[in-house]
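None of these values were measured; they are calculated from a predicted model. Proteins come first, then strands; the chains are lettered A, B, ... in the order of their sequence lines, and each starts at number 1. These values consider heavy atoms only, across backbone and side chains, with no hydrogens, waters or symmetry-generated copies.
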There are 2 protein chains.
Amino acid sequence: MGRGIEGASFEGTGYSYTLSLIRGKHKMSILYCLMEYQPVRFNEMRRYLGGVSDRTLSRSLKELEADGLVARREYPQIPPRVEYSLTERGASLMEVLDLLCVWGERNRPGD
Amino acid sequence: MGRGIEGASFEGTGYSYTLSLIRGKHKMSILYCLMEYQPVRFNEMRRYLGGVSDRTLSRSLKELEADGLVARREYPQIPPRVEYSLTERGASLMEVLDLLCVWGERNRPGD
DNA sequence: CTGGATCCAGAGTGATACTG
DNA sequence: CAGTATCACTCTGGATCCAG
């Protein structure tokens with residue numbers, strides 16, 4: 001038992017949890033946008049991201065909010081106004097993610 | 001142009017490149033397995049990962065190899081013997097990814 | 001043993017139209 | 001403005017069969 005390869009020891013590790021948070025085509029872009037421009041409104045973010053549908057952006061934001069990375073603040077007025085920003089947890093994740101960015105810049109194929 | 005949110009400034013950054021390398025349900029498990037047990041043979045890895053099909057494992061390894069993270073060594077014999085291991089590039093990525101793991105452990109919901 | 005080829009299921013995403 | 005509902009499509013991964 002000390003040397004074999006029997007089970008998936010990866011399941012349930014911090015890796016998989018962290019990665020699950022940013023899974024999704026636009027999650028990183030959203031967090032990045034938040035980091036730079038927060039607080040940001042819904043359509044403002046849509047414009048920033050370029051080609052994202054309402055549905056996808058809405059869903060992604062909900063998930064990020066449920067995961068405690070993004071804070072949503074709603075103002076009871078007409079027309080509606082909702083502002084999104086990073087939570088502390090979200091900000092701390094971005095610090096770690098920034099290291100991925102650095103690695104990526106240094107190890108891109110072109111270099 | 002100095003203050004607006006007009007374009008997707010995220011595209012093409014190191015984030016997206018790095019994340020693209022580990023996109024895929026089993027990529028991380030594979031790299032993790034390699035890190036611990038390299039060199040590892042095909043079926044050995046399959047056992048380690050638990051429920052992965054030949055096709056998926058094969059495809060993932062090819063991609064990782066194409067991305068320069070995994071080295072494949074083939075021995076011309078019958079039956080075939082192929083060993084996989086991490087490249088230096090792969091190993092350096094794992095160091096960064098380990099930080100994600102640490103963050104994940106500290107920020108899991110249960111804590 | 002190491003995969004390639006083919007077919008299939010499910011998740012994720014986009015387009016469009018509509019609501020409060 | 002800030003979403004929701006519906007439908008369609010793509011993409012990933014799994015199952016199975018087959019070849020060197």
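The backbone N or O of A:G14 sits less than 3.5 Å from a side-chain atom of A:T18, completing a donor-acceptor pair. In this structure a side-chain-to-backbone donor-acceptor pair under 3.5 Å is missing from B:E83 to B:R73. Between the side chain of B:S85 and the main chain of B:Q38, no donor-acceptor pair closer than 3.5 Å is present.
Near-neighbour residues of DNA chain D inside residues 53-66 of chain A, defined by a heavy atom below 4.0 Å, number-ordered: A:D54, A:R55, A:S58, A:K62.
The interatomic distance linking A:K25 (NZ) with C:dA11 (C1') rounds to 14 Å, in whole Å. Rounding to whole angstrom units, CD of residue A:Q77 and C1' of C:dG20 are separated by 15 Å. Going from atom CZ of A:F42 over to atom P of C:dT19 covers 18 Å, rounded to whole Å. Rounded to whole Å, the distance from CD1 on B:I30 to C1' on C:dG3 is 14 Å.
Rounding to the nearest 0.5 Å places CZ of A:R108 at 7.0 Å from OG of B:S16. Note that the CG atom of B:L69 and the CD1 atom of B:I22 stand 9.5 Å from one another [nearest 0.5 Å]. In this structure, A:R41 CZ and A:Y75 OH are separated by 9.5 Å, a value rounded to the nearest 0.5 Å. Distance check, rounded to the nearest 0.5 Å: NE2 of B:H26 to CZ of B:R46 gives 11.0 Å. With values rounded to the nearest 0.5 angstrom, A:L61 atom CG is found 9.0 Å from A:R72 atom CZ. Rounded to the nearest 0.5 angstrom, A:L97 CG and A:K27 NZ are separated by 12.0 Å.
Once you apply a 4.0 Å limit to the heavy atoms of chain A, the touched nucleotides of DNA chain D run 5' to 3' over D:dC1 to D:dT6.
In this structure, B:Y17 and A:W103 have parallel ring planes: the angle between them is below the 30° cut-off, well short of the 60° mark.
An end-to-end axis angle of 40° holds for the helix from C:dC1-D:dG20 to C:dG20-D:dC1, taken from five base pairs per end and rounded to 10°.
Residue A:R72 is in sugar-phosphate contact alone, with no base atom involved, counting any heavy-atom pair closer than 4.0 Å across all strands shown. When heavy atoms are screened at a 4.0 angstrom cut-off, B:R23 is found touching no nucleic acid atom at all. Counting any heavy atom pair closer than 4.0 Å across all strands shown, B:Y84 reaches sugar-phosphate atoms only and no base atom.
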(message) The test is side chain to side chain contact (heavy atoms under 4.5 Å, CB included); show your working for A:L100 and B:L99 and say whether it passes.
(response) CA-CA 9 Å; A:L100 281 194; B:L99 299 173; over 6 Å; no

